[in-house]
Amino acid sequence: MSEQSSISGENTKTDAQQLICVSQKDAAMEAVSKSSEPHYSANTNDSKEEKDSQVTTPKEEADQTHCLLKEPAIETTVEDNQQQTIYLMASLLKMEGLEESANQSITQEKKQWDAPDVIWKGVTNSSQKQMSLLSAAETQRDTKCGWPGLQSEIHCPHFSTISYYPSVDQMRPFDVSWRLWQKSLTEDSDTLPAFQEPFMDFTVMSYNILAQDLLEAHLELYKHCPREALEWSYRSNLLLEEIQKWAPDILCLQEVQENHYQTKLYPALTQMGYNCVYKQRTGNKTDGCATCYRRSRFSEVSVMPIEFFRPETEILDRHNVGIVLVLRPIVDQDSKIRAKGSLLCVANTHLLFNPRRGDVKLVQLAILLAEIDSVIKSWKAKGEHCNIIMCGDFNSLPHKPLYQLITTGKLYFEGLPAWKMSGQRDFSNYWSCHKLFAPLWPDSLGISDSCQYITSSEVDARATTCQSQSLGFNVSASPGGKLLYSHNFLLKLRFCPFSCVRPCDLQFIPGVTDNIPDVSSENRANNSFGDVLRHQLDLESIFNHTLPDSGGIEVTTLHSEGGATVDYIFYSPKRMSDKAGQLGCEGLKLLGCLSLLTEDTLWSLEGLPSYIFPSDHLSIVAKFRLDLNKVSC
């Protein structure tokens, strides 16, 4: 009996507590209904009988109370009950005056929503349960927490200014400024002693802008490009914007179409403050090269247009051109503009494209180097030093024989296949290929194997030597006075005119003595030529041809057949002097250059040309420092 009475007492006590809790809950819900009724009731004059007739279950009462608390009424699922219960209990506790409990409930719920995996899972996995959770959160989020709706975008709770969706500004086309400016390796660790002499910094740009006639003649190379991006009206505006952005002091352009230059480019560049020199290709070609310079920074000293086409020389049957321009820096001294400082020789060219004809490329390059050498020598005779900038499209890959000739000053070419000079394509699987042998060009061209012009007196002396050799008089003498004929000397006689005369009593033997020797000028003796090409110019490239971070291979041009590096800026660098008391000899210091891109990166940007880049070549930009009032080495 005592146990039963105690159990009965405990049950009675429990029932009393539950009754009290239910009474308190009903009172709170009734207060909520009364306070919310003017706002959400469809008719405030409803009769008491209609209200009494609305019989609801406890769950429906909770749902209705929740709907009264939040104005937007949406359909909820079973998975949302947990979140709805949290909001319901927090609101009820807040109405009963328990502010601390309500704050704890809201804080607990807010921490659950602050978990980044909830948001990321709702966005990435897109499961039905997680999406319903986000949908409920969008409508149930209390405005006191500062949480906006998720209809437009999802904001990171820890960084309110960051959105998981890209903004509209990020969807605009890429600007050319995203190509990074790379400082020279010697810029931060300069080994030259400090000095206070004045200097001048200037920027050089080399750009093959793709002539429209050539583009339309080879549309198969640009099938990947949007049609609008290939129109000259679009490309020309983008080209001028890029030039205006980088604002080079010296601008070297290739594949400049003559009519476009006259009507569009020249007026615009003149308005930008440039003086321009243009040289059109010979024959029926419509494009050429243009060299421009800012008239506020340089004054023109001399200009020499170069034509590589020589009708009297068989190997020079291509219509490529070049320009050699001599400039003098303009500096402001004593409030007056005066021409002062070392001269600057700027060469601009576009060599032959044909990958098979490396011999033609070598001869064209030799003419350009000989012209630069002639300019340097002429000013050196007057006591002035001339620095060198050589730009252009050389149609040769890095570290190939033609590139090595420019950067090392020496090339062993004897027996090499012609296609190896540039390395643009591999023709090693072809059964027949042209090989190079000395001499590469005849004496009539007037250029030695050192890529230097020879004077008329030297040409006459060489011709006299050749004639005497052909007659057998140019021999070495022994101490006893007898003439000795060396083996090398006798080998040279096989090309002289005397050796090509057929003796009258020569027996006719089929396959042996029935061939008539070729007496053309190309096969005659040329004592000025060896099996090595050289030049006396000290030149370096501004690029290392690999990206410093990833080691990827840089390219300057790209079309449907692939990408490669064929455009360069070579310069005469500053060297340390061996003479005592001198800080350094004349030369240019490379301060930095605009980084190139890899082939994969360009393909990810829809290739070349595109809405970002107006040509199938990238522009090359470099910044140099020229010391003024320097003593020549």
Side-chain angles (χ1 to χ4, degrees), residues 206 208-211 213-218 221 252-258 278-291 304-324 347-372 390-397 400-403 405-406 411 413 416-425 427 432-437 439-447 449 451 453 520-522 529 533 535 557 559 561 564 566-568 616-617:
S206 180
N208 184 327
I209 64 174
L210 181 57
D213 287 346
L214 297 178
L215 184 152
E216 295 176 358
H218 302 281
L221 298 178
C252 296
L253 302 177
Q254 303 88 39
E255 288 195 22
V256 183
Q257 194 164 308
E258 192 273 337
Y278 179 74
K279 174 58 181 174
Q280 185 177 348
R281 287 204 288 168
T282 55
N284 58 353
K285 308 299 182 181
T286 61
D287 64 289
C289 297
T291 301
M304 176 62 66
I306 302 175
E307 295 181 0
F308 295 134
F309 176 73
R310 309 291 172 89
E312 69 279 0
T313 305
E314 181 180 356
I315 196 174
L316 293 173
D317 58 348
R318 305 305 172 96
H319 299 275
N320 300 86
V321 297
I323 300 174
V324 176
N348 179 20
T349 189
H350 187 183
L351 299 185
L352 178 68
F353 166 76
N354 193 337
R356 295 176 178 267
R357 299 304 306 273
D359 53 341
V360 178
K361 300 175 194 282
L362 281 180
V363 181
Q364 291 179 350
L365 177 62
I367 295 175
L368 181 66
L369 295 175
E371 192 64 41
I372 297 175
M390 188 168 71
C391 306
D393 182 352
F394 292 84
N395 279 313
S396 176
L397 302 185
K400 296 303 179 180
L402 190 142
Y403 178 92
L405 174 60
I406 298 175
L411 172 62
F413 66 89
L416 290 178
W419 61 266
K420 277 193 174 182
M421 294 300 103
S422 62
Q424 294 167 278
R425 290 184 60 185
F427 295 97
S432 177
C433 60
H434 177 62
K435 293 186 178 181
L436 304 183
F437 297 99
L440 288 178
W441 55 79
D443 276 340
S444 59
L445 188 59
I447 298 178
D449 57 356
C451 299
Y453 282 121
S520 61
S521 59
E522 286 78 5
F529 233 97
L533 279 180
H535 69 82
T557 181
H559 46 70
E561 294 183 356
V566 296
D567 305 276
Y568 304 94
D616 60 347
H617 291 248

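- Looking at heavy atoms from C-beta onward, Thr349 lies in side-chain contact with Phe308 at the 4.5 angstrom threshold.
- Taken to the nearest 0.5 Å, the CD1 atom of Ile372 stands 12.5 Å off from the CE atom of Met304.
- The shortest side-chain heavy-atom distance between Leu253 and Val256 falls under the 4.5 Å cut-off.
- Residues Leu352 and Asn395 fail the side-chain proximity criterion, which asks for heavy atoms closer than 4.5 Å.
- Contact check for Leu445 versus Ile315: no side-chain heavy atoms found under the 4.5 Å cut-off.
- Considering CH2 of Trp441 and CD1 of Ile367, their distance stands at 8.0 Å, rounded to 0.5 Å.
- For the side-chain hydrogen bond (donor to acceptor under 3.5 Å, both in side chains) test, residues two or more places apart in sequence or in another chain that qualify with His319 are Thr282.
- Not counting sequence neighbours, the partners of Arg357 by the side-chain hydrogen bond (donor to acceptor under 3.5 Å, both in side chains) test are Asp359.
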### Query
Does the pair Asn348 and Gln254 meet the rule for a side chain to side chain donor-acceptor pair (under 3.5 Å), with working shown?
CA-CA 8 Å; Asn348 179 20; Gln254 303 88 39; 2.9 Å; yes
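- Taking every heavy atom of both residues into account, Tyr278 and Cys289 meet most closely at CD1-O, 3.3 Å.
- Although no hydrogens or angles enter the test, the distance criterion places a donor-acceptor pair under 3.5 Å between the side chain of Thr557 and the main chain of Asp616.
- Here the shortest heavy-atom pairing between Ser422 and Pro355 reads OG-O, 3.9 Å.
- With no hydrogens or angles considered, no side-chain donor-acceptor pair links Gln257 and Asp287 at under 3.5 Å.
- Between Arg318 and Phe309, every side-chain heavy-atom pair lies at or beyond the 4.5 Å cut-off.
- Shown here are the side-chain hydrogen bond (donor to acceptor under 3.5 Å, both in side chains) partners of Glu258, two or more places apart in sequence or in another chain: there are none.
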### Message
Run Thr313 and Val363 through side chain to side chain contact (heavy atoms under 4.5 Å, CB included) and show every step you take.
### Response
CA-CA 11 Å; Thr313 305; Val363 181; over 6 Å; no
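- Of the inter-residue distances, the one linking Leu316 atom CG with Glu307 atom CD reads 12.0 Å to the nearest 0.5 angstrom.
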### Task
Evaluate the criterion side chain to side chain donor-acceptor pair (under 3.5 Å) for residue pair His350 and Asp393; output intermediate values, then yes/no.
CA-CA 5 Å; His350 187 183; Asp393 182 352; 3.2 Å; yes
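- Shown here are the side-chain contact (heavy atoms from CB on, under 4.5 Å) partners of Pro401, two or more places apart in sequence or in another chain: Leu411, Met421.
- In this structure, CG in Leu402 is found 10.0 Å from CD in Gln364, a value given to the nearest 0.5 Å.
- Here the CG-NE2 distance, from Asn208 to His617, works out to 4.0 Å after rounding to the nearest 0.5 Å.
- The ring-ring contact (aromatic ring centres under 6.0 Å, His included) search around Tyr568 returns Tyr403, His545, Phe570, not counting sequence neighbours.
- Summarising the geometry, atom SG belonging to Cys433 is positioned 10.5 Å from atom CG belonging to Leu416; distances are rounded to the nearest 0.5 Å.
- In summary, the side chains of Gln424 and Lys361 do present a donor paired with an acceptor at a separation below 3.5 Å, with no hydrogens or angles considered.
- Among residues two or more places apart in sequence or in another chain, the side-chain contact (heavy atoms from CB on, under 4.5 Å) test is passed with Lys400 by Ser396, Leu397.
- Contact check for Ile406 versus Leu365: side-chain heavy atoms found under the 4.5 Å cut-off.
- Residue-environment remark: NZ (Lys279) exceeds the threshold of 12 foreign heavy atoms within 6.0 Å.
- A donor and an acceptor atom, one from each side chain of Asp213 and Thr286, are located under 3.5 Å apart.
- Listed here is the closest heavy atom pair of Leu436 and Ala418: CD2-CB, 4.2 Å.
- In this structure the side chain of Val360 never reaches within 4.5 angstrom of the side chain of Asn354, judged on heavy atoms.
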#### Entry: Check against side chain to side chain contact (heavy atoms under 4.5 Å, CB included), Thr291 and Cys252
CA-CA 5 Å; Thr291 301; Cys252 296; 4.2 Å; yes
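- Put simply, the side chain of Leu533 reaches to within 4.5 Å of the side chain of Leu440, judged on heavy atoms.
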